[in-house]
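As the structure lists them, so they are numbered: ligands from 1, and atoms in each ligand from 1. Note: hydrogens, waters and symmetry copies are ignored here, and every other heavy atom, side chains too, is used. Numbers for residues simply follow the sequence, beginning at 1.
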Amino acid sequence: VAVADTKIAKSGADGSLIYRGYSIQDLFEKSTFEETAFLILNGRLPSRKELAVFTSRLRRRSHLPPEIYKVLRTLPRGAHPMDILRTAFSALGTIERGLSPDDRKISIIAKMPSLVINSYRVVRGKRPVEPKESLGQGANILYMLRGKAPSAFESWVMERVLILYMEHDFNASAFTVTVVASTLADVYSACTAGLAALKGPLHGGANEAAMQMLTKIGKAENAAAYVQQLLAAHEKIMGFGHRVYKTVDPRAQLTKQLLRRLVAETGKGEALYDLCEAVEKVVWELKKLPANLEFYAAPVFHILGVPQEVDTPLFACSRIVGWVAHYDEQLQDNRIYRPDAVYVGEKGLKYVPISER
Ligand SMILES: CC(C)(COP(=O)(O)OP(=O)(O)OC[C@H]1O[C@@H](n2cnc3c(N)ncnc32)[C@H](O)[C@@H]1OP(=O)(O)O)[C@@H](O)C(=O)NCCC(=O)NCCS
């Protein structure tokens, strides 16, 4: 059901995806995180000067206020990183009340990598690592995670995945953000709701679930039996299927190429690549479901050394850009969402006093 007009992005049943009119393939090959974020937020590619200003605004706002660390230190160690992130993000809204609407948007996009990685670190008793203002968004994630600078190639790989994750028209979390925006609530409230929607395994949580599944299957030879078993039990195969893409998810194709390159360059994960291909082949043969982005993003993150539970928070690091764009678009021509539902319950019942029930 089409619920709104949007100029931000469009995924097509033919396996196409555009951001503001540009194909995802073009952006994947040629663009950077910051340039793509500018495009999604502003509807056009930046000039060199605009990009420099935008990038420097992001980097200057990338550090977390000390109050966030205080909140994080009160959370239980075993908490899921998505729950920690949602709590920390929500707390940020209480701290940044004084910022202008434009600075708020820059701030939440800029702080997301540090929120994701440092909330994970601190709740597990590790020291936070401050983001480096000399690094881009992709490189900073790996830097804060490891405490040392990643290679240029690894940073490039991480940035490609972030570009693919950045926006996807009216997916569940973007729609959630839009509904909250339509009530005129602030951008922190709307994106906190977006994080809540993203956590579920049918949406963003699928990358972590896909990696858990790949770990359980273990090797390519086990793929067919495992998938058959899941299908026989009417269980979902995580990282497969999509509401829009029925034959191919263009983001999965690009991430698969990236995985192949990552394996070739690092010499790591060859067996994992073979396992992914074997699962993809058998799921297509048996159920005609295509692999989605989550299925191939998970092994890329794994080879880059990202802990499994951080896979979904990393999705948020990038999708925050799309959420902010949807928040803005909704407010440009706002009317509160109030959908109808078909009532299928009973009617005309007579109230019976509790003493007679
Ligand atoms: C993404 C998803 C939620 C889309 O749901 P949807 O639009 O309702 O799915 P469809 O209408 O295309 O489902 C068609 C059929 O395929 C089945 N199906 C869809 N995805 C499946 C999966 N991953 N594993 C097993 N069966 C699946 C459905 O159960 C349905 O079967 P039925 O006709 O026997 O009832 C769904 O494919 C799914 O749960 N995938 C796994 C989670 C995931 O990877 N999410 C990330 C998406 S980017």
Side-chain angles (χ1 to χ4, degrees), residues 1-3 9-19 24 28 82 160-177 194-217 223-256 258-259 275-302 308-323 326:
V1 177
V3 292
K10 183 65 191 153
S11 49
D14 58 349
S16 61
L17 173 60
I18 51 171
Y19 291 171
I24 193 66
F28 176 87
M82 261 323 261
R160 296 311 96 191
V161 184
L162 295 181
I163 290 173
L164 297 175
Y165 265 134
M166 205 175 281
E167 164 54 12
H168 212 213
D169 57 81
F170 266 55
N171 57 86
S173 57
F175 182 54
T176 303
V177 168
L195 284 166
L198 188 73
K199 185 189 174 195
L202 297 189
H203 187 14
N207 55 10
E208 183 188 348
M211 199 57 229
Q212 283 165 352
M213 179 184 77
L214 289 168
T215 310
K216 245 191 246 170
I217 302 176
Y226 191 91
V227 170
Q228 275 162 358
Q229 199 185 317
L230 279 187
L231 290 176
H234 301 288
E235 282 183 38
K236 287 276 173 80
I237 306 150
M238 301 319 275
F240 284 86
H242 199 270
R243 178 61 57 85
V244 177
Y245 306 125
K246 294 302 174 196
T247 52
V248 62
D249 175 344
R251 306 163 308 162
Q253 274 187 326
L254 293 168
T255 321
K256 184 176 178 181
L258 199 62
L259 177 63
L275 168 60
C276 290
E277 272 211 313
V279 174
E280 188 184 10
K281 190 164 170 273
V282 70
V283 176
W284 184 256
E285 277 168 10
L286 298 177
K287 191 78 184 168
K288 293 284 173 283
L289 288 169
N292 58 48
L293 169 60
E294 312 306 339
F295 184 69
Y296 278 106
V300 169
F301 288 158
H302 179 78
Q308 264 177 40
E309 324 91 273
V310 183
D311 286 358
T312 310
L314 278 194
F315 185 156
C317 265
S318 183
R319 187 56 62 84
I320 186 75
V321 176
W323 292 343
H326 282 281

Stepwise salt bridge (Lys or Arg N to Asp or Glu O under 4.0 Å) check, K281 with E277: CA-CA 6 Å; K281 190 164 170 273; E277 272 211 313; over 6 Å; no
Check: D169 side chain, S11 main-chain N or O, donor-acceptor pair, under 3.5 Å: yes
Atom NE2 of H242: over 12 foreign heavy atoms under 6.0 Å: yes
Pair Y19 and H168, ring centroids less than 6.0 Å apart: no
Centroid separation H326 to F175 less than 6.0 Å: no
Plane angle bin for F315 and H203 - parallel if under 30°, tilted between 30 and 60°, otherwise perpendicular: perpendicular
Ligand 1: protein residues within heavy-atom distance under 4.0 Å: P201, L202, H203, A206, E235, K236, I237, M238, G239, F240, G241, H242, R243, K246, K287, L289, N292, E294
